[in-house]
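Worth knowing before you read on, the calculation uses all heavy atoms, side chains too, and leaves out hydrogens, waters and symmetry mates. All residue numbers in this chain count up from 1 along the given sequence.
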Amino acid sequence: MKTVSPRHILALSIIVISSAVTLYAQEKNDTVAKDLQEVTVEGEMQRIDATTATYYPTAKVKKASNNAIDLLYRMAISQLRVDPRGMSVKTTTGEKVTVFLNYLRATDADIYGLRSADVLKVEYLDFPTDPRFQGARHVVNIILRRYIYGGYTKLSEDVTTLTDMSSRGSLYSKFAYRKMLYDVYAGPQYRTYDHDGTLEKSVFHLADRSIERNQDHLGGEKNIFEIPVSFRAIYEKPGIQIANTFGFGFFDIMKSTDRGSLDYTPDINATEYSYERNTPCTSRSYSWNGGYYFIFPKKLSLYVIPSFAYTNSDAHNTYTATIPGVDPVVNDHREDAYYASLGANLYKTFNNRHSIVASLSGNISNNSIDYMGTSPSHNDYSSSILQGIITYNFNHNNMFTGSLMLSGVAFRTKMNGKKESTYYPTLYLSAAWSPSRKSRFSFSANLYSTPAAGANLSPNIIQINEILYQTGNPELKSYRTFNSNLSYTYLASNSLNLQAYASYNGYYDRMVQTFAPYKDGRCVIESEMNSGDFNRFSAGVNLTARLFSNSLILQASPGVSHQSSSGYYDESLTRFEWSLDAQYYFGSFNLSAYYNPRGHIIEVYNGSHNRNAEAYGVKVGWANNSWNISVRAHNFFRTGYIGQWTDLVTPVYERHSEIISGGMHASLDISVTYTIGYGKKVGRGNEIGAQGGAGSAAFK
């Protein structure tokens with residue numbers, strides 16, 4: 001039997017979409033021709049100019065959506081790639097998209113608390129000039145109704161079963177009275193992993209011989225409980241918005257074990273050993289975030305953003321093996337991490353065409369880490385960053401826009417008393433031209449530096465297993481990155497739109513993971529160094545069709561990418577990529593399906609080839625004004641738990657890994673949401689989310 005290739009499937013899917021659109025258009029034309037007295041005027045559901053693409057979700061989409069990411073997925077916006085299961089939003093070229101709710105940055109918990117019935121429109125912006133977007137390069141801004149008084153309470157529960165079990169609850173409540181808006185959120189989560197581990201084959205090329213180490217996962221268990229709690233108060237009146245958010249987070253890996261067999265070739269004992277690793281961890285975090293926005297006369301506005309976070313963590317890592325003469329490896333650590341920042345953005349417009357944004361921000365962090373066990377040590381790491389940005393924007397009737405941003409960053413670090421200071425500039429350039437309300441050409445490019453920081457600079461040496469050790473490199477230097485994107489967006493009608501794109505990403509003299517002989521060639525040590533360039537080219541198109549009064553939505557995303565690396569890792573890879581999504585709405589029910597083929601990339605920083613299995617699923621849902629219930633079958637034909645493979649080859653060390661995860665197995669995702677509303681709503685409002693703590697600088 002002849003095998004149908006992915007290219008044939010993709011070509012067929014595009015033909016089906018094109019044919020469906022043609023038949024749908026022909027059907028409408030035939031209907032009008034037969035009865036000219038029945039003329040239906042379809043409202044504009046989307047429009048685009050040089051600054052903003054605006055989309056209006058249909059009643060069907062809003063009714064079926066149970067959170068903000070689900071809403072964006074169902075809207076099938078051509079500039080976005082949305083993964084509702086992974087809760088991520090990216091551009092078509094894979095860049096991060098920051099989600100805002102009424103100009104306030106949203107967190108993951110914000111996303112779960114969204115009441116989709118309150119959504120008025122969704123705006124997508126590249127390089128927005130509004131200071132409230134805090135310099136984010138790609139933004140989705142969801143505009144919501146504002147409550148004069150009252151609000152709503154939303155309860156939800158998401159459960160995954162048939163594989164490793166997870167349960168995520170959510171209690172979100174909003175209450176408004178006149179100029180004040182209050183939000184409270186709690187999101188307890190409990191996850192158990194019975195299939196979580198790695199099959200690993202390593203080859204160590206030592207001074208006198210090569211040793212093959214085979215690690216086979218035989219079992220293990222991980223139990224995780226976490227609960228973020230946050231409260232926010234917002235004061236708002238014309239020209240002023242003041243927001244303060246207080247958060248607390250508790251994270252506890254109560255149990256984390258990984259057991260398996262271990263053997264070496266050659267081995268004079270010809271014995272199969274066993275190993276066990278235990279990695280429980282507990283952390284508590286406290287945070288405060290502010291946002292103060294003021295509009296002054298003469299088209300001047302100011303946005304001030306202060307924040308503070310503290311995290312205390314206690315982590316354990318014990319590795320034991322039944323190898324004669326090999327002692328247990330213990331890498332426990334306790335850490336106190338502090339983070340504080342303050343930023344101010346000043347925005348001034350001249351003649352409605354020219355504007356300038358001046359930004360000044362700074363942050364400081366401090367990490368005090370005590371390592372205990374096999375390699376005891378103490379690390380004090382601190383960093384401070386001061387950044388100044390000046391941006392010039394030109395806007396001609398929203399038909400043509402251009403921006404030029406210059407940024408200077410001073411970065412200072414101190415590791416155990418050793419100080420280092422660096423300064424580097426950053427350049428951003430963007431332009432867009434919109435010849436009509438249906439199309440836009442966009443170009444952007446940026447050049448910046450990334451400094452080495454944290455554990456990468458630590459001179460401490462820790463033991464990973466019987467042969468492998470790890471250390472940092474105090475001599476690491478910052479490296480340059482250049483990104484550029486070119487895109488064309490065409491909104492042909494409410495029924496058909498697309499975005500074509502091409503992008504280039506370059507990393508020059510970047511930091512890479514290296515391996516070298518250690519202890520007179522009897523062991524191997526892992527570190528980092530600056531070596532070689534990495535280049536990635538990609539191009540493709542994102543096609544969306546909405547048919548039969550928006551009851552059927554189809555989306556196809558074909559593309560091609562080329563990756564190449566030089567220096568310590570000298571290799572290249574060219575791949576054809578694509579994905580398919582479909583949605584269908586009937587009455588109070590909805591049905592959706594997705595398919596993503598196998599993936600293959602070269603890792604930028606260690607040259608490994610990472611592959612993942614195909615992913616597919618079908619979801620059926622039902623919703624009314626208060627309830628939203630859905631069931632998703634994911635990877636329903638897959639019985640195994642291995643879905644990711646990694647291959648790394650160096651002169652001293654080689655590794656083949658197979659990742660075991662319950663997310664690769666067949667599973668059922670069940671979601672139930674109940675919302676009760678109270679009060680009167682007009683205008684717009686905001687929501688709250690889980691807050692983060694201070695970042696860690698410890699070896700993991």
Side-chain angles (χ1 to χ4, degrees), residues 193-220 222 256-279 317-326 328-329 331 462-470 512-519 521-527 565 568-571 573 598-603 605-613 638-665 700:
Y193 300 94
D194 296 324
H195 304 89
D196 186 42
T198 303
L199 307 177
E200 186 173 283
K201 175 182 177 180
S202 302
V203 179
F204 299 87
H205 300 290
L206 305 180
D208 57 344
R209 59 177 175 167
S210 293
I211 295 180
E212 181 178 299
R213 180 182 185 273
N214 294 307
Q215 176 181 304
D216 190 4
H217 174 79
L218 299 179
K222 181 180 288 187
S256 178
T257 62
D258 178 19
R259 299 182 299 275
S261 63
L262 187 65
D263 66 80
Y264 287 86
T265 304
D267 183 2
I268 58 175
N269 297 318
T271 302
E272 182 177 280
Y273 308 106
S274 63
Y275 75 90
E276 181 172 341
R277 187 182 297 275
N278 292 280
T279 55
N317 189 326
T318 303
Y319 174 83
T320 59
T322 60
I323 302 175
V326 175
V329 179
N331 287 317
I462 64 173
Q463 187 175 1
I464 304 301
N465 57 40
E466 306 82 22
I467 304 177
L468 185 63
Y469 290 75
Q470 182 186 45
V512 297
Q513 187 181 41
T514 64
F515 299 88
Y518 184 57
K519 291 190 173 182
R522 293 179 287 109
C523 298
V524 171
I525 190 166
E526 171 195 330
S527 186
S565 174
Y568 190 83
Y569 300 97
D570 188 4
E571 52 196 345
L573 173 68
R598 284 174 170 263
H600 184 183
I601 65 169
I602 298 177
E603 173 60 44
Y605 303 109
N606 65 16
S608 64
H609 284 252
N610 301 337
R611 300 170 176 85
N612 62 270
R638 185 173 300 145
T639 58
Y641 290 89
I642 298 176
Q644 293 181 336
W645 302 266
T646 299
D647 289 284
L648 174 67
V649 178
T650 74
V652 176
Y653 176 71
E654 300 178 33
R655 181 180 66 229
H656 171 76
S657 302
E658 298 181 3
I659 310 301
I660 301 172
S661 172
M664 305 300 171
H665 189 269
K700 305 298 184 183

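Distance CD/Glu603 to OG1/Thr646: 9.0 Å, rounded to 0.5 Å. Annotation: the span from Ile642 atom CD1 to Met664 atom CE amounts to 10.5 Å, rounded to 0.5 Å. How far CD of Glu526 is from CZ of Phe515: 4.5 Å, rounded to the nearest 0.5 Å. Here the NE2-CG distance, from His600 to Leu573, works out to 4.5 Å after rounding to the nearest 0.5 Å. Here CD1 of Ile660 is found 11.5 Å from CD of Gln644. Values are rounded to the nearest 0.5 Å. Once rounded to the nearest 0.5 Å, the distance linking CD of Gln470 with CD1 of Ile464 reads 4.5 Å.
In this structure, the side chain to side chain contact (heavy atoms under 4.5 Å, CB included) partners of Glu466, at least two apart in sequence or on a different chain, are Arg213, Leu262, Tyr264, Tyr319, Ala321, Ile323, Val326. The side chain to side chain contact (heavy atoms under 4.5 Å, CB included) search around Gln463 returns Val329, Thr374, Tyr469, not counting sequence neighbours. Residues passing the salt bridge (charged side-chain N to carboxylate O under 4.0 Å, His left out) test with Glu571, sequence neighbours excluded: none. Judged as a ring pair (Phe, Tyr, Trp, His ring centres under 6.0 Å), and not counting sequence neighbours, the contacts of Tyr641 are His195, His665. The side chain to side chain donor-acceptor pair (under 3.5 Å) test applied to Ser661 returns no partner, not counting sequence neighbours. Shown here are the salt bridge (charged side-chain N to carboxylate O under 4.0 Å, His left out) partners of Asp647, two or more places apart in sequence or in another chain: Arg611. Residues that satisfy the side chain to side chain donor-acceptor pair (under 3.5 Å) test with Ser608, not counting sequence neighbours, are Asn606, Asn610. Asn214 is linked by a side chain to side chain donor-acceptor pair (under 3.5 Å) to Glu212, Asp263, counting only residues two or more places apart in sequence or in another chain. For Leu218, the side chain to side chain contact (heavy atoms under 4.5 Å, CB included) partners two or more places apart in sequence, or in a different chain, are Asp216, Ser261. Residues forming a side chain to side chain contact (heavy atoms under 4.5 Å, CB included) with Asp196 (at least two apart in sequence, or on another chain): Tyr193, Lys222. Checked against salt bridge (charged side-chain N to carboxylate O under 4.0 Å, His left out), Arg598 has no partners two or more places apart in sequence or in another chain.
Residue pairs meeting the ring-ring contact (aromatic ring centres under 6.0 Å, His included) criterion with at least one partner in residues 199-220, sequence neighbours excluded, are Phe204-Tyr653.
Across every non-hydrogen atom of Trp645 and Ala613, the tightest pair is CZ3-N, 3.6 Å. Nearest heavy-atom pair across Ser210 and Pro266 is O-CD, 3.5 Å. For the residue pair Ile525 and Pro517, the shortest heavy atom distance occurs at CG2-O, 4.3 Å. Of all non-hydrogen atoms in Val652 and Ala516, the two that sit nearest each other are CG1-C, 4.1 Å. In terms of heavy-atom proximity, Thr198 sits nearest to Ser657 at CG2-CB, 4.0 Å.
Side-chain contact between Glu654 and His656 is absent, with no heavy-atom pair separated by less than 4.5 Å. Using a 4.5 Å heavy-atom threshold, the side chains of Arg209 and Ile211 count as touching. The side-chain heavy atoms of Asn465 and Gln215, taken from C-beta on, include no pair separated by under 4.5 Å. By the 4.5 Å heavy-atom criterion applied to side chains, Thr650 and Thr514 are not counted as neighbours.
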Taking it one step at a time, do Asn317 and Arg277 satisfy side chain to side chain contact (heavy atoms under 4.5 Å, CB included)? CA-CA 7 Å; Asn317 189 326; Arg277 187 182 297 275; 3.2 Å; yes
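Side-chain atoms of Thr318 do not come within 3.5 Å of backbone N or O of Asn278 as any donor-acceptor pair. Between the Tyr518 side chain and the Ile467 main chain, no donor and acceptor come within less than 3.5 Å of each other.
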